Structure formats: C-alpha cells, structure tokens
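Notes to accompany the following structure.
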Amino acid sequence: MSEFGTTTPHATPRRRSLKLRTVAALTSVALLASACGFGGSDEADGSGLQPGDYTIAAAEDVSDSVIVNGHIAPIRAMNITTSVQSEVEKIAVQPGDRVQKDQFLASMNTEQLDRQLAAQERQQANAQAEAAQALEQAQSQLNAHDQSVANGSNQTIRQAQAQVNQAQAAYDAALAAQGGRSATRVADVFSQMAGNLSSHLPGNSSNGTSSGGGQGPKAPSAPAPAAPGGAPAAPGAAPAPGGAAAGMSPEEIAQIAGAEGGGAPMSVDEAYAALQDAKAALAAAQSQAQQERQQLQGQVDSARRQAESAGISESDGTLEYQLQEATLYSPLAGVVTSVDVEEGDIPQGKLLSLADDSSLLIKSEVREADVPNIKQGNRVEFTSTATGDKKFKGRVKRIAPAADQSSAAPAGMPGGMSAGGGGSDSDSGSVTFPVEIEVTGDTKGLLLGGTVRAEIITQESADALNVPLDAVYGEEGDKKVLVMATDGDDASSGVVEERKVETGASNDVDIAITGGELKAGDIVINWPDEYSEQIGEKVSISDPRFDPEQVREAKEGKPKETDTKNAKKDDKQGEKKDSKKDDNAEAADSGEDK
C-alpha cells in the first residue's frame, strides 16, 4: 500500500505484465525449437512443479489494508484564556507538568478590579438608601391623607361641608318664611324647637303650629329632593330639629331668611338651588380627595419597586465575573503542553494550553478512492517514529463526511509512483478525507504530536487457509482451485485434481479460503490456467527446496515463521514470475518445449 493511503501494491500490474511478456516470449522460443526438430517426452519437457508454481495451503490471517501517515493527538485539548486585562501575577505550572482537575494554574493582578468593585458597591448602597427613603416619604404622605379624610380635617372637604350646612339652613328658613310666619314668630318657633332639641330624637318631624295653638298655613305642596343634614323632604314642612338651623340664633336665621335689613327674602327655589350647588361642591371635593389618594398610592408603589430593584442588583455583574476569571484553575486532568506568558505580562491571547492524554488519537487523511473501503471500527496497527518497530493497536473512530480541500496529496511519491498508486494523473488524488483513529491498549512511548505510520485493516479473515489470489478461478459462487493430490505427506508427486472452494478476504497477493473442499496441507497449483488440461494426470514437484515437513506442519495447524510469512507476502508474486521466467528461459536454451 502507498503511505499516502493507497492499497498496498503487493503484486503490482508491472509484475503481472512481466509474467505475460515472459510467457509469450518463452512460448515463441518453444514453438521455434519445435519447428527446428527439437522435442522430447513429456517427462523431459519440464512438466514438474517448479519453485513458485505451488503453495502449501496453511491457516494464516488474510487481510487487506490502507496505509496512512498521521500524528498523535490528545482526546481533548484546551487553550486557557482570561478576560482580565491586567498583569500576570503568578504562574504555577510549566510545560510538561501533569495537572488534576480544578488545580490552580495562574492568577492575575486584581487591584484595579477591587477598587472598581468597592466603588460600585458604595454606589449600590447609596442607591438602596435613597430608594428606601423615597418609599418611606411616599407612604407617610399617603397615611396623612387617609387620616385627614377620616377625621374630617381635610381642608377642601371641610370647607365644602360648611357651605352645604349654610345652604341647608337658608333653605330651611325659606321654607318657614313661605308659610306666612313673621320673622319674629319664626325665630320664636325655632328657639322653642332648639330648646326642646334634647327631648326629641334626630330625624323626627313635628307639625308646625302657631303660638295660640292654631294650625298655621300649609307649605307649598310641591315636593323637593331630600337635603343632607336632616332637611325636610318637601317645601312647606317645618325644619327638623337637629338640622342646619339647630344651634343658630334667631337673629341669624332671620338674617338668612331675609326678614331683617329690609332685604327681599330668599325664595324656596333659590335656597334649594343654592343647596344643590353646595352638595355638588362637596361631592367634587370628596372626588378630588380620592384622586389625590390614588396618586399617592401610585407614588408608593413606584417607590417600592425602585427599592426592590436597588436591593437586588445595581450592576450587570461584569466586575464580579472578571474577578472570578482572574484566578485560573484546570478544567481537566492532563498535561500542560505550553505556557505562553510570563509573570508580569499582560496577555493578548491564551495563557497556556492543556491536553487530556487519558486517551490518544491518530489524526490522518485518506484518499477519496479509499474512503468506501474504510469503516468505523476497522482494526488498525501502527508504529511511531519515536518507538521504532514497536507495534501499537487502534481502531477507526471517525471518518469525516466532507473532504478537506485545504490538504492535497504530494505531487509525487518515492519510486516514481504518483499519488494515485498506479501512475494515474487523476485529480482525485488531491482530495482527502480526515480520519480519526483511537489508540487502544498500550500507549507507552507515544508522544503528543509525534508522527505515525498506520495500517487500517479494511477486511480480514483470521486463521483461514491462505492461497495465492491467482490460484483461484471461476465465477462468483463457483470458485475452484487445482491441487496436486498425493498419497502421503512425504510424496512429491500426485494427480492434478479440481476442488471447489469458498473465499473470504483478499488483497493483491493472497485470498482466504473459508470453506469448500480444500484442506490444510493440500498442495495448491498457483497457475491453474497452465495445468487445467492436465486434470487427472500425474505431476511431480521438481523444486529441490520442497520439504514434506511443511505439509505435516500445515495439517497440524502450526504457524509459519514470521520472517517466512512476511517474505511470502511481500515477494511471492516476484518469486513466482522470476522463477518461472528463469526456468522457461533455461528450458528454451536447452531446446525443451515448455
């Protein structure tokens, strides 16, 4: 696979084309040799299985993968800043220090903030005192108003009531004068009534009589509205004791009635109209007093609201927040990755940086062509520059849904290969997608920001029978392989037979056999197209390095040595084709028809 995210080219198209060209050239040589009279028996024409022509089926992991480069990052990183624009007073940590959550990190100078907050608190206290005083004054004015109305000391209402009383007395006098009595007789009558006041209940009326006991002239029969203060219900009726005339001297009553001074007496209608005007003035005075009370109550409510508001808060809390921001604590447990200020500096940005390294990530990018093959949860193996060949494990945590257009693949790769992995000039190589890989298991030796080379396993079949990809032929659902069936483990010859198989994961070199008729230890023919016409015929292994012990180990399920396995994975195709080319060339030189 390419280190820039392409599938590992275990068997490149160049090697495949080399085989085809080699086979074509050797075939031409063989035909030429046959035409010249060279030939021989089948045993002499090199019909044995040469090195690279066969594989002993054994249980091995088969996988396909994508290789990427990336860097190690913490699960969470955070820059520590503050809104306080003052000098750094103390720094308690240094880069590389480990910190716990809520651990003290640094502090800022707060002298100016303390002064501003103290002044603000004084202003707030003054405002609260003024609001409380205004509420007390408003409540006092309301109470005084209510008391003056209740005890009759309200000046406006008192004056209006006096006018009503005077108008009532004039009305009573006019009624009495209209009955034909003289002013003196009226005064006598009222004097007698006033003298007998203590013997009468308030509101009782008496019939008007003359001094001789005769009945006086009747008052006009037209009714009149009831007047306050015990006024008679209709003109012509005698004034009730305790009315407006009670407590007045005969001379005052006569003066009001117009009997003295030569003035014309007030008529009943005029007196009644004056009485109604006085009553209206009294009602207006009472209404005005009620309106004044409503206004005073509104002032009390407004003053109470202002007092409550002043008691809650007078500021927006900015200074208090800045004082809290002046002392910095760690919001997480982790490591200090950088300290960007010194004591005495006024920070213009971050003060320091923290990283939560309780879990590590590998941040990388993959090519657009590889994205469909990668799934969340895919197993990952990687190495880092700092730890050498030590292998670590991980899994794919996230695949970005959108491409990172700001990152482009390199224009070229080592060995003359382009970013496409196959010499393609496609522009798709410049489009990459961010991928996050979570590190699982051991993290000892991994450095934050360090570089890694990771292999994302896109598919795998564990402990399946491993055979070359070219050894399997047929359509999907009808896959087959050719094997050399032997009579025993030590046999180096056998009959070519066809076996049905079921396949699993594959890569450019190998394919996993997950079911079917193939068994561990079977000798698989790598090039079925060359032996398809020999099914049922006997063939032998001509490879001097063939070891029957490998057949027994494969049947027993013993693992192959790591070096042998890796060499096979990296070089198998080259060995197959190079060996076949050498054998065919040797056969052509000796005049044998391969």
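These values consider heavy atoms only, across backbone and side chains, with no hydrogens, waters or symmetry-generated copies. Keep in mind that what you see is a predicted model, and the values were worked out from it rather than measured.
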What one should report as the nearest heavy-atom pair of Ala355 and Leu448 is CB-CD1, 4.1 Å
What distance separates Lys480 NZ from Arg499 CZ, expressed to the nearest 0.5 Å?
-> 13.0 Å
Find out whether Thr327 and Thr110 are in side-chain contact, i.e. whether some heavy atom of one side chain is under 4.5 Å from a heavy atom of the other.
-> no
Measure the shortest side-chain to side-chain distance between Leu482 and Glu498 over non-hydrogen atoms and say whether it is less than 4.5 angstrom.
-> yes
Counting only heavy atoms not in Asp547, do more than 12 fall under 6.0 Å of its CG?
-> yes
Between the main-chain N or O of Tyr531 and the side-chain N or O of Gln534, is there a donor-acceptor pair closer than 3.5 Å?
-> no
Closest heavy-atom pair and its distance - Thr486, Ser493 | CG2-O, 3.4 Å
Taking every heavy atom of Gln94 against every heavy atom of Asp97, the minimum-distance pair comes out as N-OD2, 2.8 Å
Atom OG1 of Thr503 and atom NZ of Lys479: how far apart are they, to the nearest 0.5 Å?
-> 6.0 Å
Side chain proximity check, Lys444 to Thr387, heavy atoms < 4.5 angstrom | no
So, do Pro331 and Ile80 sit near enough that their side-chain heavy atoms are less than 4.5 Å apart?
-> yes
Contact check, side chains of Asp53 and Ser542, non-hydrogen atoms, under 4.5 Å = no
Can you measure from CG (Leu332) to CG (Asp356) and round to the nearest 0.5 angstrom?
-> 5.5 Å
For Thr458 and Asp64, indicate whether the former's side chain and the latter's backbone hold a donor-acceptor pair under 3.5 Å.
-> yes
Where does the angle between the aromatic ring planes of Phe382 and Phe392 fall among parallel (under 30°), tilted (30 to 60°) and perpendicular (over 60°)?
-> parallel
May I ask you to check whether over 12 heavy atoms, not counting those of Gln112, lie within 6.0 Å of atom CD?
-> no
About how many Å separate CD of Glu343 and NZ of Lys90, when rounded to the nearest 0.5 Å?
-> 6.0 Å
Decide side chain to side chain contact (heavy atoms under 4.5 Å, CB included) for Val88 and Met108; before the verdict, give the C-alpha distance in whole Å, the side-chain angles of both, and the deciding distance to 0.1 Å.
-> CA-CA 5 Å; Val88 178; Met108 312 295 293; 4.0 Å; yes
Polar side-chain atom of Trp527 near backbone of Asp470 as donor-acceptor pair, under 3.5 Å | no
Quick one: does Thr55's side chain have a donor or acceptor within less than 3.5 Å of a partner on Val524's backbone?
-> no
Could you tell me whether the side chain of Asn507 and the main chain of Ser63 form a donor-acceptor pair under 3.5 Å?
-> yes
To the nearest 0.5 Å, how far apart are CZ in Arg379 and CD in Glu381?
-> 4.5 Å
Any sub-3.5 Å donor-acceptor pair from Ser364's side-chain atoms to Asn69's backbone N or O?
-> yes
Heavy atoms from other residues, nucleotides or ligands near CD of Glu549 exceed 12 (cutoff 6.0 Å) = yes
Val439/Ile362 under side chain to side chain contact (heavy atoms under 4.5 Å, CB included): CA gap, chis, key distance, verdict = CA-CA 7 Å; Val439 178; Ile362 296 174; 4.1 Å; yes
Decide side chain to side chain contact (heavy atoms under 4.5 Å, CB included) for Ile75 and Ser358; before the verdict, give the C-alpha distance in whole Å, the side-chain angles of both, and the deciding distance to 0.1 Å.
-> CA-CA 7 Å; Ile75 189 66; Ser358 60; 4.3 Å; yes
Whether over 12 other heavy atoms sit under 6.0 Å from Lys390 NZ | yes
Just by modelled atom types, is the Thr81 backbone N or O under 3.5 Å from a matching donor or acceptor in the Asn79 side chain?
-> no
Pair Thr432, Asp404: side-chain N/O donor-acceptor within cut-off below 3.5 Å = no
Would Val467 and Val501 count as a side chain to side chain contact (heavy atoms under 4.5 Å, CB included) if you check the C-alpha gap in whole Å, the side-chain angles of each, and the deciding distance to 0.1 Å?
-> CA-CA 11 Å; Val467 301; Val501 295; over 6 Å; no
Non-hydrogen atoms of Ser330 and Val99 that approach each other most closely = OG-CG2, 3.7 Å
N/O donor-acceptor pair under 3.5 Å between Ser338 side chain and Asp340 backbone = no
Taking C-beta and beyond as the side chain, do Lys375 and Val396 meet within less than 4.5 Å on heavy atoms?
-> no
Distance-only, no hydrogens or angles: does the Thr443 side chain make a donor-acceptor pair with backbone N or O of Leu446 under 3.5 Å?
-> no
Using a strict cut-off of less than 4.0 Å between a Lys/Arg side-chain nitrogen and an Asp/Glu carboxylate oxygen, indicate whether Lys397 and Glu436 qualify as a salt bridge.
-> no
Answer yes or no: are there more than 12 heavy-atom neighbours, outside Glu556 itself, under 6.0 Å from its atom CD?
-> yes
Nearest 0.5 Å please: distance from the CD atom of Glu530 over to the CG atom of Leu49.
-> 10.5 Å
Is it true that a side-chain atom of Asp522 and a backbone atom of Lys519 form a donor plus acceptor pair closer than 3.5 Å?
-> yes
